[in-house]
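For reference, the structure is listed below as structure tokens.
Order of the sequence lines fixes the chain letters, A, B, ..., with proteins taken first and strands second; residue numbering starts at 1 for each chain.
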There are 2 protein chains.
Amino acid sequence: MIEIYQLEQLIAFADNGTLSEAAEKMHISQPTLTRTMKKLEEEFGVPLFSRTKNKMDLNENGLLALSHARKIMEQTSDMLRLVRALDRASHTISIGSCAPEPMVQLVQHCSKLYPEMAISSEMKDLDYLKQGLDDDIYQCIILPEKPYDNNYTVEEFGHENLYFALPKSHPKTNSQNLSFSDMNGENMIVFSAIGFWYEMTKNQMPDSRFLMQNERYDFTELINSSILPSFATDTTQISAPAPADRNLVPITDECAHVTYYIVCKKKDRSKFKNLLRSKMNT
Amino acid sequence: MIEIYQLEQLIAFADNGTLSEAAEKMHISQPTLTRTMKKLEEEFGVPLFSRTKNKMDLNENGLLALSHARKIMEQTSDMLRLVRALDRASHTISIGSCAPEPMVQLVQHCSKLYPEMAISSEMKDLDYLKQGLDDDIYQCIILPEKPYDNNYTVEEFGHENLYFALPKSHPKTNSQNLSFSDMNGENMIVFSAIGFWYEMTKNQMPDSRFLMQNERYDFTELINSSILPSFATDTTQISAPAPADRNLVPITDECAHVTYYIVCKKKDRSKFKNLLRSKMNT
DNA sequence: AGACCTTACGGCCGGCGTAACAATA
DNA sequence: TATTGTTACGCCGGCCGTAAGGTCT
């Protein structure tokens, strides 16, 4: 019976040109390779090498065998990779979200409800999320709007409202409320990882320059030390309250008030029954 | 390292449903299978089976692994088959011929010129022969006409002439010569394995009925005991002369006089140099 | 002399079978 | 009780490494 370790050694020989070098690369002895190659020839029943007294080369048979051996090795590693991936997928709930706060909260619910499962989560734009749900990249996604698709199960998860976080020194800091247009044109300090909020606010305030901060630490430092306005939401005030010297001014525009929906495929409805019932803390 | 014998046992288990049956089919013990399956799971690093106390089944991981395992086994046996076929082909000369006599003679020349090679030969129609030469099914073919193709090397091999073999009792037995049309309509005893001669004579004598004989022995018996006319050629008179009570009457039609050509690919010209020089005995 | 392949020899790992056990129908 | 899978134990084949030998550059 041909075995994979033999094909592996055949490939190593072909890749290194000599038995000696191949042996060194594989951390085995030359005689081992000599023996294995002989055994291979025996099992094929045909010569695979052309041998002069101190040189070995693959002959035509050997080259053909080699090409097959490579395919078999590839297929074997594919098998390992894919089976492991399938197993991993079956123990993992993948969540895609349009925004950070509902994602964090859903992950918390998820890990309480399914403590034996691994949970992976990421933020993407809405089209990618829907596509990902269809393609089984996500079992569960969070959208800021109700999708219309009969294959989906949809449940309301909670609300989030956007505010301007204005330093006390800002001229509009004592306003009862403001619209995006009131602030349009002003420079804003903005944290990068805010999902769909970025596109939305950027559209509403086209003349403003957003000073994007990739690092959470840098962002909070700037908020504390700068007089530039920034955004905040109500749901984040518990975990990450705005500094005392900033006032939160509600934004009147309708799109600043968002309802999140948990969406999963109908086939997974019973599996995620409890998760779909969970609600955001506000 | 995953090995092929493990995949083989996995497949046997899947095909037989239980370890016990699989073990019996493979002529090994059950504990061996238990161990190998455990080892497979260990090497995959994921469970492949769902186990109740006395029943084992493949789970999703196992089913995926199984499908890959089948592919790998198939590829492995393909490898063996194809490498062996290549080796065999490399020391076999395959000859295709349009007729028996030049085939026999060419095979004789061949085995003298290349005593270390195996020689295979068969008769086919002209189109099949040419196609087979192009496809490397044959290294060498014999045609009754000169082919026009620049990739071929062509050498004249010899001539063969067709005769009517008429019993002494036949009314035309003493003719100096005859045309096909002279005999058209008469029943003929014909040996099956005569290659292109069959199509040709059948066309020339559309009103005759050919009593086809598949067995050489039956044919000669009938020739000896029957008064029905038959065919013969000059080149076969040495090895298998017509019986004394039959006269050989030459056929006048041009197509009863054939020149054979040895044809091989130009790339093989030097390899078959001596074979191409050989001539038929007449 | 150095690089390469081959052969010979002895150790040991690991796959195998036998036997005994546990659980199910 | 018959069938199935698991565990324990000891055998032994075969794979491996070391050592030595032969050939070529």
Side-chain angles (χ1 to χ4, degrees), chain A residues 1-63 65-66 69 72-73 76 80, chain B residues 1-63 65-66 69 72-73 76 80:
Chain A
M1 171 70 62
I2 297 245
E3 291 300 342
I4 287 181
Y5 79 93
Q6 298 171 319
L7 301 181
E8 199 178 22
Q9 294 186 17
L10 176 68
I11 291 170
F13 167 64
D15 287 345
N16 290 284
T18 69
L19 294 183
S20 327
E21 277 191 48
E24 197 169 350
K25 287 276 171 61
M26 296 193 75
H27 306 289
I28 57 177
S29 65
Q30 292 143 322
T32 297
L33 280 175
T34 299
R35 246 181 295 110
T36 303
M37 298 303 103
K38 274 198 186 306
K39 189 148 181 62
L40 264 181
E41 282 184 308
E42 202 174 289
E43 273 160 354
F44 272 93
V46 306
L48 302 175
F49 308 94
S50 71
R51 303 158 193 269
T52 63
K53 283 289 177 187
N54 77 343
K55 180 67 185 160
M56 259 180 78
D57 281 300
L58 288 164
N59 65 16
E60 282 199 9
N61 296 335
L63 289 171
L66 175 67
I72 291 171
M73 288 299 295
T76 305
L80 282 171
Chain B
M1 171 71 64
I2 297 242
E3 291 300 342
I4 287 181
Y5 78 93
Q6 298 170 320
L7 301 181
E8 201 178 21
Q9 295 186 17
L10 176 68
I11 291 170
F13 167 63
D15 287 345
N16 291 285
T18 68
L19 293 183
S20 328
E21 279 192 47
E24 196 169 349
K25 288 274 171 62
M26 297 195 75
H27 305 289
I28 57 178
S29 65
Q30 292 140 325
T32 298
L33 280 175
T34 300
R35 246 181 296 110
T36 303
M37 298 303 103
K38 275 198 186 308
K39 193 153 176 62
L40 264 181
E41 282 184 306
E42 203 173 289
E43 273 159 355
F44 272 93
V46 306
L48 301 175
F49 307 95
S50 70
R51 302 157 192 269
T52 63
K53 283 292 179 183
N54 81 341
K55 180 68 186 159
M56 258 178 79
D57 281 300
L58 289 164
N59 64 16
E60 283 200 8
N61 296 335
L63 288 171
L66 175 67
I72 291 171
M73 289 299 294
T76 305
L80 282 170

Under 4.0 angstrom, heavy atoms only, what part of the nucleic acid is [X] near: base, sugar-phosphate, or nothing?
X: B/Thr36; result: sugar-phosphate
X: B/Ser20; result: sugar-phosphate
X: B/Gln9; result: sugar-phosphate
X: A/Leu33; result: nothing
X: A/Thr18; result: sugar-phosphate
X: A/Thr34; result: base
X: B/Arg35; result: base

Should we count CD of B/Glu8 as having more than 12 external heavy atoms under 6.0 Å?
yes
Heavy-atom neighbours of B/Gln6 CD exceed 12 at 6.0 Å:
yes
Spacing of [X] atom [atom1] relative to [N] atom [atom2], expressed in whole Å:
X: A/Met26; N: D/dC15; atom1: CE; atom2: P; value: 15 Å
X: A/Ile28; N: D/dT18; atom1: CD1; atom2: C1'; value: 15 Å
X: A/Asn16; N: C/dC5; atom1: CG; atom2: C1'; value: 16 Å
X: A/Glu3; N: D/dC16; atom1: CD; atom2: P; value: 12 Å
X: A/Lys53; N: D/dG21; atom1: NZ; atom2: C1'; value: 12 Å
X: A/Lys39; N: C/dT7; atom1: NZ; atom2: P; value: 15 Å
X: A/Met1; N: D/dC15; atom1: CE; atom2: C1'; value: 17 Å
X: B/Met56; N: D/dT4; atom1: CE; atom2: P; value: 13 Å

Looking at the side chain of [X], which of [options] is the nearest nucleotide?
X: B/Asn54; options: C/dA8, C/dT24, D/dG22; result: C/dT24
X: A/Leu19; options: D/dT7, C/dC5, D/dC16; result: C/dC5
X: B/Tyr5; options: C/dC16, D/dG5, C/dT6; result: C/dC16

Tell me whether A/Lys39 is salt-bridged to A/Glu43, with the criterion being a basic N under 4.0 Å from an acidic carboxylate O.
yes
State which residue, out of B/Asp57, B/Asn61, B/Leu58, fulfils the side-chain contact (heavy atoms from CB on, under 4.5 Å) condition with B/Ser50.
B/Asp57
Which comes earlier along DNA chain C counting from the 5' end, the contact point of A/Arg51 or that of B/Gln30, where each point is its nearest nucleotide?
A/Arg51
Does a side-chain N or O of B/Lys38 approach OP1 or OP2 of D/dT7 to a distance below 4.0 Å, or not?
yes
Side-chain donor-acceptor pair under 3.5 Å between A/Gln30 and A/Ser20, yes or no?
yes
